Amino acid sequence: MQSTEQETSFLSDRILALAESQTIAMAKKARELAAQGHDVINLSFGEPDFQTPDYIKEAAKKALDDGFTFYTPVPGYLDLRQEIVAKLKRDNDLDYKPENIVVSTGAKQSIANAVMCLVNPGDEVIIFSPYWVSYEEVVKLAEGIPVQVKGNIENNFVITPQQLEDAITSNTKLVMYSSPCNPTGSVFSKDELLAFARILEKHPQVYIIADEIYEYINFTGEHASMAQFDFIKDRVITVNGFSKGYAMTGWRVGYIAACKEIADACDKMQSQITSGTCSIAQKAALAALKGGKSAAEEMTAAYLRRRDMVLGLMKDIPGIKTYVPQGAFYIFPDISAYFGKTTTEGKVIHNSFDLSMYLLNDAYVAAVSGDAFGADECMRFSFAASDAKLEEAMGRLKVSLAKLK
Ligand SMILES: Cc1ncc(COP(=O)(O)O)c(C=O)c1O
């Protein structure tokens with residue numbers, strides 16, 4: 001199918017080979033059903049259900065009134081980069097200078113910049129799996145070869161150092177992971193990261209993208225950064241941003257901290273593609289950081305309460321295997337016990353995509369099938385929704401799943 005399409009389309013091979021983001025596709029289908037009048041509970045979103053805190057909105061209004069309407073420096077306003085440097089010191093005990101920081105239009109662009117600047121065609125990129133949907137596609141855009149190293153639910157999806165060691169070859173250029181992880185909510189401890197770092201120390205050609213965008217949504221009380229290990233720090237690109245912790249998904253501000261060579265390369269890449277991030281959003285991000293972590297902490301307390309509620313309700317549903325997510329706002333249970341079962345209309349559920357479509361159409365609950373994250377046996381449910389919606393969704397799930405024979 002794809003090769004015929006590629007032979008006949010005027011579009012580039014690059015775009016034809018790119019998969020549509022399944023989280024965005026699922027959200028679109030859910031919106032369509034809702035527009036037809038169905039009471040859809042959408043747990044497919046990767047975003048906080050909270051409004052951006054008022055003090056951040058006020059800073060944006062002030063930025064407009066103060067005339068911040070012009071092009072911004074490509075790597076971001078200096079005051080924002082200085083505040084990011086202060087944050088990295090305060091929260092992560094990392095020493096950087098503003099020249100090491102590049103602010104981008106969301107952490108998504110930060111990641112894409114870094115991959116494009118590091119990966120040559122044919123380079124292998126190790127992705128800890130289950131992984132965030134865009135990692136694999138952006139590696140393919142850079143003509144790299146994604147290599148998945150998979151954790152399992154029994155181990156809270158944390159991969160072992162041996163698995164990493166076994167996956168590294170002379171062609172490995174980059175390792176990518178998120179902690180706290182989207183979709184699993186798993187969190188790497190300092191000791192776990194140190195074990196990975198010791199392996200990476202032996203392979204000086206390998207760089208590391210440490211995606212810490214969910215840093216503030218961590219239920220363990222401790223966040224560890226890969227860049228804390230001085231012996232590999234120059235090879236670590238720390239990615240972070242404002243979307244999740246400060247509930248600022250629509251503002252589009254993310255950043256990297258990296259050695260100057262990589263930061264300069266990302267600056268150059270960005271200068272040809274988007275230029276500097278929106279002036280107003282940057283001033284809002286500056287205010288967010290200056291305001292500290294209390295807003296994020298309040299939201300995280302709500303996510304923790306909801307996690308426990310959802311876990312309690314899921315445990316009551318036969319055939320759903322759970323674990324305890326330690327961060328982010330997702331749970332990624334194993335639902336493969338339903339594979340091979342049949343709906344009342346006689347349709348067989350073959351995989352997580354079939355099950356997600358069944359649940360959307362029968363229970364009007366939207367979740368994202370695990371194949372999008374490299375784990376077809378699972379399904380991702382967001383708990384960034386109200387308690388009432390979560391309770392109702394779990395109830396509907398139980399009823400619809402019980403109908404499968
Ligand atoms: C693991 C991970 N990294 C990066 C991003 C991108 O965040 P941003 O909204 O800053 O582009 C997301 C968003 O869903 C994510 O889940």
Side-chain angles (χ1 to χ4, degrees), residues 20-27 42-50 52 56 76 80 84 87 101-116 125 127-139 146 151 157 174-188 208-218 223 225-226 237-257 266 270 273-274 277-278 281-282 284-285 288-289 296 303 325-332 367-368 370 372-375 380-384:
E20 188 187 3
S21 162
Q22 274 213 36
T23 45
I24 292 175
M26 195 62 181
N42 195 345
L43 306 183
S44 72
F45 280 138
E47 71 177 337
D49 58 321
F50 295 106
T52 303
I56 301 174
L80 176 56
I84 290 169
K87 176 260 174 243
I101 311 298
V102 179
V103 177
S104 298
T105 304
K108 198 176 233 177
Q109 188 187 19
S110 304
I111 293 165
N113 282 343
V115 170
M116 290 297 176
V125 178
I127 300 177
F128 289 11
S129 171
Y131 52 83
W132 180 47
V133 286
S134 294
Y135 289 170
E136 195 170 272
E137 296 308 316
V138 81
V139 167
F157 297 103
L174 188 62
V175 172
M176 295 170 77
Y177 71 86
S178 61
S179 175
C181 173
N182 175 5
T184 65
S186 303
V187 172
F188 288 131
I208 304 105
I209 292 184
D211 181 350
E212 304 185 0
I213 185 120
Y214 292 94
E215 174 184 7
Y216 288 166
I217 309 171
N218 182 331
H223 174 80
S225 294
M226 187 65 104
I237 300 103
T238 303
V239 174
N240 211 323
F242 296 83
S243 292
K244 315 293 177 173
Y246 288 105
M248 290 176 70
T249 45
W251 300 75
R252 313 307 303 127
V253 195
Y255 60 88
I256 59 155
C266 290
Q270 184 160 294
I273 295 184
T274 55
T277 309
C278 165
Q282 286 195 53
L289 282 181
Y303 297 135
Q326 303 294 339
F329 37 65
Y330 311 104
I331 180 155
F332 198 58
V368 189
F373 307 95
R380 191 190 78 174
F381 297 86
S382 161
F383 45 83

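When a ligand or atom number is given, it counts from 1 through the structure's own listing order. Remember, predicted model here, so these are calculated numbers, not experimental data.
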**Prompt:** Is the shortest N/O to N/O distance between A107 and ligand 1 below 3.5 Å?
**Reply:** yes
**Item:** Note, E215 side chain near K244 side chain (heavy atom, < 4.5 Å)
**Value:** no
**Item:** From I209, V239, D211 - option closest to atom 2 (C) of ligand 1 by heavy atom
**Value:** D211
**Note, C181 side chain near F157 side chain (heavy atom, < 4.5 Å)** = no
**Prompt:** So, is S243 polar-close to ligand 1, with some N/O to N/O distance under 3.5 Å?
**Reply:** yes
**Message:** So for G254, does at least one of its heavy atoms come nearer than 4.0 angstrom to any atom of ligand 1?
**Reply:** no
**Asked** Any N or O on T105 sitting closer than 3.5 Å to an N or O of ligand 1?
**Response** no
**Item:** K108-ligand 1 polar pair, N/O distance under 3.5 Å
**Value:** yes
**Asked** If you measure from each heavy atom of Q109 to ligand 1, is any distance below 4.0 Å?
**Response** no
**Prompt:** So, do F329 and Y214 sit near enough that their side-chain heavy atoms are less than 4.5 Å apart?
**Reply:** yes
**Asked** So, the side chain of T105 versus the backbone of T277: is there a donor-acceptor pair under 3.5 Å, distance only?
**Response** no
**G106 neighbourhood, listing ligand 1 atoms whose heavy-atom distance to it stays under 4.0 Å** = 10 (O), 11 (O)
**Prompt:** Looking only at heavy atoms, is any part of Y214 under 4.0 Å from ligand 1, and if so is it the side chain, the backbone, or both, or is it neither?
**Reply:** side chain
**Request:** Give the atoms of ligand 1, by number and element, whose distance to some non-hydrogen atom of N182 is under 4.0 Å.
**Result:** 1 (C), 15 (C), 16 (O)
**Prompt:** Ignoring hydrogens and geometry, is there a side-chain-to-backbone donor-acceptor pair from Q270 to V103 under 3.5 Å?
**Reply:** yes
**Message:** Would you say that V239 contacts I213 through its side chain, given a criterion of any heavy-atom pair below 4.5 Å between the two side chains?
**Reply:** no
**Per-residue contact class, K244 against ligand 1 - non-hydrogen pairs under 4.0 Å** = side chain
**Request:** Compare all side-chain heavy atoms of R380 with those of M26 and state whether any distance is below 4.5 angstrom.
**Result:** no
**Request:** Evaluate side-chain contact (heavy atoms from CB on, under 4.5 Å) for F373 paired with V133, printing each intermediate quantity in order.
**Result:** CA-CA 5 Å; F373 307 95; V133 286; 3.8 Å; yes
**Asked** Does G241 come within less than 4.0 Å of ligand 1, judged by its heavy atoms?
**Response** no
